[in-house]
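Written out below as structure tokens is the structure these notes cover.
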Amino acid sequence: MIDIKDLRANTERYKTACEQKRSSVDIDALLSLDEQARDLRQELQDLTTEKNQAGKTIAQIKDADERQRAIDRMSELKAREKEIAAQLEALEPQIEEMMLLVPLPSHPESPVGPDESGNVEVRRWGEVRDFGFEAKDHIELGTALGIVDLERGVKLSGSRNYVLRGDGALLHRAVLSLALDLMVEKGFEPMTVPVLTKEKTFMGTGWFPEGKAQAYQVPEDELFLVGTAEVPVTSFHMDEILDESELPKRYVAQSLCFRREAGAAGKDTYGLYRIHQFEKVEQVIVCKYDLEEAEKWHQCILANSEELMQKLELPYRVLEICTGDMGTGKYRMYDIETYMPSRGGYCETHSASNLLDFQTRRLNLRYRDADRKVRHCISMNNTVVASPRVLIPLLELNQNADGSITIPVALRPYMGGRERIVAK
RNA sequence: GGAGGAGUGGCCGAGUGGCUUAAGGCGACGGUCUUGAAAACCGUUGUACCGCAAGGUACCGGGGGUUCGAAUCCCUCCUCCUCCGCCA
């Protein structure tokens with residue numbers, strides 16, 4: 001959520017943001033509703049003032065007639081108050097609904113573009129391997145090795161589900177453990193968080209309302225399954241006022257993630273790329289409102305993930321995401337794409353977003369600065385690793401001619417010291 | 001799941017319809033005193049909205065109601081505690 005005062009003062013900035021982010025919110029209509037609401041609020045407040053005073057006076061009036069007149073006057077005030085309150089109640093949800101959709105203006109250096117075609121490659125790391133034999137894809141490899149079972153996953157839970165078994169399950173755990181250990185070593189505080197959370201955490205982090213169709217719901221308990229630990233971790237301090245001295249908060253959480261993939265029917269249907277349930281290690285930073293410091297942390301969480309990919313020896317590239325591809329609440333955003341032979345190119349494995357105060361306004365997450373002033377924090381997040389998606393390049397790039405998999409050195413301590421995965 | 005009890009400011013805690021602009025205490029901050037500190041004393045001590053300001057308004061777990069007037073009475077939901085049942 002953006003600051004409505006800023007919207008009033010710098011309207012053009014937000015209209016530009018709407019164009020760049022391809023948002024259809026009607027800013028002028030919003031401002032007009034806002035003005036009506038403000039007038040109503042003022043009138044309501046004046047009425048309350050008069051009512052409060054009348055209430056005090058009545059207690060002291062001795063004369064019965066006079067007292068009755070005062071009570072009658074009070075009835076009038078209450079009737080008028082009810083009227084105005086009703087008008088305001090009709091107006092406020094409309095304003096709220098629109099406010100949730102107003103895009104955050106992006107970083108001045110963010111590339112301006114209509115969609116993913118406008119993203120800009122920042123750098124590449126690692127060599128794309130030349131196999132010298134006919135390479136298999138991760139499903140062929142995993143099935144033959146008995147470590148990936150798609151058929152039975154579908155039997156249990158329908159399309160886009162899978163079972164990892166044996167060394168597949170161990171490799172999945174290994175990648176996550178390496179990622180979590182790396183982040184703890186860097187001083188991030190590890191957390192386990194609920195994956196079933198309230199709607200306000202989704203609204204607060206900006207996943208709702210737009211992404212509501214992507215979430216599995218548990219209507220009986222009014223809870224939703226998270227698609228990322230970003231939701232509970234960023235919401236952890238909601239409705240709190242932190243002290244500047246405790247910032248920045250650096251958190252890391254491993255969690256299950258659930259996505260309905262509504263609207264993605266027929267897209268990426270093959271293999272472990274787009275699935276309903278996966279596991280992810282996510283890093284979240286909450287810092288004070290300082291653009292320079294936030295930029296530093298944003299680069300830091302990007303570097304952390306790159307470091308992990310380098311440990312895993314997986315070739316990747318970093319993209320700076322353009323305005324049209326970055327989403328309503330994002331200020332600046334990078335993706336890491338990892339080379340996946342079976343998909344014929346680099347595909348998204350990480351997403352690093354700086355959201356400034358977009359989430360913290362919705363979450364009511366603030367801090368007291370050195371001058372005792374209360375301000376909204378800045379929040380940002382990035383994937384450390386998501387599995388099994390990362391297993392796609394991991395299996396495919398480390399395959400040998402005989403169908404075995406060479407385990408990257410960094411993962412061997414988590415795989416009983418073994419160098420290879422071979423068929424049983 | 002069943003039966004009871006409780007939710008007041010950063011914390012403790014008073015308050016059962018108007019004298020509460022929420023007493024009092026603790027903590028925190030500032031000041032006086034002191035070579036420095038402690039003690040003592042004095043003062044300050046929430047968030048949000050409207051307003052240039054003075055000031056006004058809302059908030060006593062959330063929502064709704066009764067009343068001229070609600071922290072206080074009623075309804076409902078939530079959370080926590082105790083006991084019983086079930087359970088990884």
Side-chain angles (χ1 to χ4, degrees), chain A residues 1-9 30-96 98-100 102 192-204 218-224 232 235-247 249 255-256 288-289 357-377:
Chain A
M1 178 124 60
I2 56 105
D3 181 359
I4 196 154
K5 286 182 193 162
D6 195 48
L7 179 70
R8 290 172 196 139
L30 172 57
L31 285 172
S32 143
L33 290 175
D34 172 53
E35 204 178 325
Q36 291 175 47
R38 289 168 76 197
D39 290 345
L40 289 171
R41 271 188 220 111
Q42 189 57 54
E43 196 177 340
L44 196 60
Q45 187 178 307
D46 293 344
L47 280 167
T48 315
T49 307
E50 193 178 343
K51 240 180 62 180
N52 285 351
Q53 268 154 13
K56 281 177 194 161
T57 314
I58 286 170
Q60 287 154 18
I61 298 176
K62 299 284 188 288
D63 180 76
D65 287 348
E66 204 181 318
R67 190 184 165 92
Q68 190 52 51
R69 272 198 301 279
I71 289 173
D72 290 346
R73 169 69 183 150
M74 184 72 106
S75 305
E76 279 170 39
L77 290 175
K78 276 171 66 173
R80 178 76 185 136
E81 184 186 35
K82 210 169 170 182
E83 231 173 84
I84 306 229
Q87 288 177 41
L88 198 54
E89 268 166 46
L91 219 48
E92 275 173 338
Q94 294 179 49
I95 294 170
E96 178 70 13
M98 291 177 87
M99 277 300 287
L100 289 171
V102 178
T192 65
V193 287
V195 294
L196 209 46
T197 63
K198 297 180 184 178
E199 184 169 23
K200 64 192 291 198
T201 66
F202 285 81
M203 281 294 181
V218 184
E220 235 180 343
D221 297 288
E222 293 178 36
L223 295 171
F224 299 80
S235 303
F236 183 65
H237 291 292
M238 96 180 141
D239 294 327
E240 292 183 24
I241 300 176
L242 304 171
D243 198 90
E244 184 175 323
S245 63
E246 24 173 355
L247 298 175
K249 295 285 190 186
S255 84
L256 283 166
K288 67 176 179 179
Y289 197 93
D357 55 352
F358 187 84
Q359 293 182 317
T360 60
R361 281 183 186 280
R362 292 171 170 233
L363 287 167
N364 194 26
L365 164 45
R366 296 168 296 170
Y367 71 102
R368 209 179 294 280
D369 73 10
D371 302 325
R372 308 291 296 159
K373 208 178 153 230
V374 176
R375 310 190 65 181
H376 287 92
C377 299

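Chain letters run A, B, ... following the sequence lines, proteins first, then strands; residues in each count from 1.
Once rounded to the nearest 0.5 Å, the distance linking CG of Asp221(A) with NZ of Lys198(A) reads 11.5 Å. Of the inter-residue distances, the one linking Leu88(A) atom CG with Glu81(A) atom CD reads 11.0 Å to the nearest 0.5 angstrom. Between the CD1 atom of Ile241(A) and the CZ atom of Arg366(A) there is a distance of 4.5 Å, given to the nearest 0.5 Å.
Contact between His376(A) and Tyr367(A) at its shortest, heavy atoms only, is O-CE2, 3.5 Å. Closest non-hydrogen pair, Leu33(A) versus Ile95(A), comes out as O-CD1, 3.6 Å. In plain terms, the two heavy atoms of Pro194(A) and Thr197(A) that are nearest each other are O-CG2, 3.6 Å.
Rounded to whole Å, the distance from CD on Glu222(A) to C1' on G63(B) is 13 Å. Regarding Glu240(A), its CD atom lies at a distance of 13 Å from the P atom of G10(B), rounded to whole Å. As a whole-Å value, the separation of Asp221(A) CG from C78(B) P is 11 Å. Distance Asp239(A) CG to C78(B) C1': 14 Å, rounded to the nearest Å. When the P atom of G46(B) is taken as reference, atom CD1 of Ile241(A) falls 11 Å away, rounded to whole Å. The distance between atom NZ of Lys373(A) and atom C1' of G46(B), rounded to the nearest whole Å, is 17 Å. At whole-Å resolution of the value, CG in Leu44(A) and P in G51(B) are 15 Å apart. The separation between Arg375(A) atom CZ and U47(B) atom C1' is 17 Å, rounded to whole Å.
Distance check on atom C1': U8(B) versus A71(B) gives 7 Å, rounded to whole Å. For the P atom pair drawn from G13(B) and G25(B), the interatomic distance equals 16 Å after rounding to whole Å. Using atom C1' as the reference point in both G61(B) and G51(B), the two lie 32 Å apart (nearest Å). Nucleotides C33(B) and A38(B), compared at atom P, are 15 Å apart to the nearest Å. Separating the P atom of A22(B) from that of U72(B) is a span of 15 Å, rounded to the nearest Å. Separating the C1' atom of C59(B) from that of C68(B) is a span of 23 Å, rounded to the nearest Å. Here the separation of G5(B) from C73(B), taken at their P atoms, is 14 Å to the nearest Å. Between the C1' atoms of C77(B) and U20(B), the separation comes to 28 Å (whole Å).
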Pair Asp357(A), Arg361(A) - check salt bridge (charged side-chain N to carboxylate O under 4.0 Å, His left out), show working.
CA-CA 6 Å; Asp357(A) 55 352; Arg361(A) 281 183 186 280; 3.0 Å; yes
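Mapped onto RNA chain B by nearest heavy atom, Asp46(A) and Val374(A) fall at different nucleotides, with Val374(A) at the one closer to the 5' end. RNA chain B is contacted by both Lys198(A) and Arg366(A); Arg366(A) maps to the nucleotide lying nearer its 5′ end (nearest heavy atom per residue).
The nucleotide whose nearest atom lies closest to any side-chain atom of Arg38(A) is, among G51(B), G56(B), A48(B), G51(B). Closest to the side chain of Lys5(A), out of U47(B), G51(B), C49(B), is C49(B).
The stretch residues 357-365 of chain A does not touch RNA chain B, since none of its heavy atoms comes less than 4.0 Å from the strand.
Residue-level contact check: Gln42(A) touches the backbone only, with heavy atoms under 4.0 Å from sugar-phosphate atoms and none from bases.
Looking at Glu35(A) and Arg38(A), no side-chain N of the basic residue comes within less than 4.0 Å of a carboxylate O on the acidic one, giving no salt bridge. With salt bridges taken as basic N to acidic carboxylate O contacts below 4.0 Å, one links Glu43(A) and Arg80(A).
Contact between the side-chain N/O atoms of Arg8(A) and the OP1/OP2 oxygens of C50(B) is found at a separation under 4.0 Å. At G46(B), none of the side-chain N or O atoms of Arg368(A) fall inside 4.0 Å of OP1 or OP2 (strictly under the cut-off).
Side-chain contact check for Arg362(A) versus Leu100(A): some heavy-atom pair is nearer than 4.5 Å.
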The dot-bracket string of RNA chain B, counting Watson-Crick and G-U wobble pairs with both distances under 3.5 Å, using [ ] for crossing pairs and | for pairs to another strand, is ((((((((.[[[..)..(.....]]]((((((.......))))))(((((....))))).[[[[[..)....]]]]])))))))....
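In the displayed structure, Glu222(A) atom CD is contacted under 6.0 Å by at most 12 heavy atoms of other residues, nucleotides or ligands.
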